[in-house]
2 protein chains.
Amino acid sequence: MRPEEFDLVGSVSLIAAAAEEHRPQLLRGAFLQRFPAHVELIREGEPPDFLHIVVEGQVELFSRYRDRETTVGVLGPGSSFILAAVVLDKPYLKSARVLSSARILMVPSEAIRAIFDIDAGFARALTRELAQAYRGVLKELKNQKLRSSLERTAAWLVRFNAETGGLNQFDLPFDKKVLAGRLGIAPEVLSRTFVTLQSYRVRVAGRRIHIEDLASLTKLASPDNLIDDPLA
Amino acid sequence: MRPEEFDLVGSVSLIAAAAEEHRPQLLRGAFLQRFPAHVELIREGEPPDFLHIVVEGQVELFSRYRDRETTVGVLGPGSSFILAAVVLDKPYLKSARVLSSARILMVPSEAIRAIFDIDAGFARALTRELAQAYRGVLKELKNQKLRSSLERTAAWLVRFNAETGGLNQFDLPFDKKVLAGRLGIAPEVLSRTFVTLQSYRVRVAGRRIHIEDLASLTKLASPDNLIDDPLA
DNA sequence: CGAAGCGTTGAGAGCCGTCAAACTACGTGG
DNA sequence: CCACGTAGTTTGACGGCTCTCAACGCTTCG
């Protein structure tokens, strides 16, 4: 890694949690690499060579079974992935592909485990990160099992709207196809869901979304902090 | 806690991971308590007062939304729950009820967090526990999104059979209603699924299950280590 | 201009949930 | 020991949600 890259990377919370004197060891064998869209970064079943951290761009996490595939998450800058696999030194449970051209920091998993063993502060940061990740998947499981696709879509719109300033209009951050994956439905179903949402005064034009009646959309979504709030 | 209870509790892996000198502090405010069936141990949304560890019996983890409810796990002896909430000091994401009369070790969450902060070995054990738990929920999410109810049921039977010695016959460890919850389907659907499984030579008599053609059941289930193997 | 990919729309089917009724198993009290 | 009530289980009927397949329009990019 080049010197100016250290600054960028030092701001990543996980790395910052390691004691000053351990950081060089963490970054010695690390790569900060640029990948074009569609590249498959990791594949489920492989042994964990690197902890991956998204510095720029978007990454989709997914999993295959028979001839099916499902999205288990979409990550943006600042998010790490496959941390659990690295800590336990067990095979990846999911694959990852680049959605939009991305820069990924890859830290050798031995380095992570080595610092984990000698740096208590780092270990505690990992614990918190994992606890957050655990709650994230659990919320997703609840989202899937307790809500219909219409409710999930509505809840997603309400939350994304809030995250982008509550202006009641925004652009989708990725293709509708990817959003459908995130919501756990087929693209055709999402398309029809948007039609249904017209009765709740949601207007869709390409990637542009207008929420003209937030109250009624919110009522439909029944937002629940224990499912929707990423900080809860 | 009475002295003889310390032995029992010392064998719980999480507690055993704490340094000898910290164990008394962990257990000082702890309770080892017996609960009858149906008692609700915790309720989602509440602040985490205690880390719970199942010493004996079975506990069902579930979650509510609107007028719906879904099971997110069933635990037996040795399992802890709501660790993530305790570590982060955030509200429970799930509720828990006793299925069959159980003994639960309840450790005050402040004690957990206090030892977590000063005992690096304990912190690392927590990390591993959380990493395992993370992978567990993720597998469950994949199980739900990638498989049909028939496949989930078949996979569950194949795995439980393996776990109980591969004798191709066993008793269900809980009511079919609870199994249906675990599999994420309505009880009526499970009942019909068992009828369908007759063509794969699965015989069901009350709680008793006979697998008369493991190969064909296995073929149906397409077991996948990255979904089914609890150790993977 | 043509190819490729995304998005929409229609048609059809299958999976799964709900409601209702009947049947069974089990435990309690008489 | 039996009667009864409760809870679990099964079965039927039905409907709705979601998937798949297919066709078509649109945009993008080579």
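Order of the sequence lines sets the chain letters (A, B, ...), proteins ahead of strands, with each chain counted from 1.
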Query - Ion pair check, R207(A) and D171(A), cut-off under 4.0 Å - result: no

Requested in this report: Indicate yes or no: does E40(A) engage R64(A) in a salt bridge with an N to O separation below 4.0 Å.
Outcome: yes

Query raised in the report: Between R192(A) and E188(A), does at least one N-O distance fall below 4.0 Å, as a salt bridge requires?
Result: no

Query raised in the report: Once you build an axis from the first five pairs and another from the last five of the helix from dC1(C)-dG30(D) to dG30(C)-dC1(D), how far apart in angle are they, to 10 degrees?
Result: 30°

Requested in this report: Could you state the atom-to-atom distance from CG of L146(A) to C1' of dC16(C) in whole Å?
Outcome: 16 Å

Report task. Would you indicate whether the side-chain heavy atoms of R201(B) and I211(B) approach each other to under 4.5 Å? Result -> no

Requested in this report: Rounded off to whole Å, could you give me the CG-to-P distance for the L183(B) and dC16(C) pair?
Outcome: 11 Å

Dump every N/O contact between nucleotides 18-27 of chain C and the protein below 3.5 Å, one line per pair.
from: dC19(C); atom 1: N4; to: E188(B); atom 2: OE2; distance (Å): 3.2

Requested in this report: Kindly determine whether F50(A) and S109(A) satisfy side chain to side chain contact (heavy atoms under 4.5 Å, CB included), including the steps that lead there.
Outcome: CA-CA 5 Å; F50(A) 296 92; S109(A) 47; 6.0 Å; no

Requested in this report: Please report, rounded to the nearest Å, how far the C1' atom of dG8(D) is from the CZ atom of F194(B).
Outcome: 14 Å

Query raised in the report: Which is true for L190(B) with a 4.0 Å heavy-atom rule: it touches a base, it touches only sugar-phosphate, or it touches nothing?
Result: nothing

Report task. Check the distance between dT18(D)'s P and R147(A)'s CZ and give it to me in whole angstrom. Result -> 13 Å

Requested in this report: Return no unless some side-chain N or O of S148(B) is found under 4.0 Å from OP1 or OP2 of dC15(C).
Outcome: no

Query raised in the report: According to a strict under-4.0 Å criterion, is K176(B) in side-chain N/O contact with OP1 or OP2 of dT9(D)?
Result: no

**Report entry** For atom NZ of K145(A) and atom P of dG17(C), their distance in whole Å
**Finding:** 10 Å

Query raised in the report: Does a salt bridge link R97(A) with E60(A), judged by any charged N lying under 4.0 Å from a carboxylate O?
Result: yes

Requested in this report: Write down the distance between CG (L150(A)) and C1' (dG17(C)), rounded to a whole number of angstrom.
Outcome: 17 Å

Requested in this report: For R147(A), enumerate each residue passing the side-chain contact (heavy atoms from CB on, under 4.5 Å) test, keeping only those at least two apart in sequence or located in another chain.
Outcome: N143(A), E151(A), R152(A), A155(A), I227(A), D228(A), Y65(B)

Query raised in the report: For L183(A) and Q144(A), which heavy atoms make the closest approach, and how far apart are they?
Result: O-NE2, 3.3 Å

Query raised in the report: Roughly, in whole Å, what's the span from CD in Q144(A) to P in dT18(D)?
Result: 10 Å

**Report entry** Selected nucleotide, minimal atom distance to S191(B) side chain, candidates dT10(D), dG7(C), dT9(D)
**Finding:** dT10(D)

Query raised in the report: Looking at dG17(C), dT9(D), dC19(D), which one has an atom nearest to any side-chain atom of I185(B)?
Result: dG17(C)

Query raised in the report: Roughly, in whole Å, what's the span from CD in E69(A) to P in dT20(D)?
Result: 12 Å

Report task. Output yes when E140(A) and K145(B) qualify as a salt bridge under the 4.0 Å nitrogen-oxygen rule, no when they do not. Result -> no

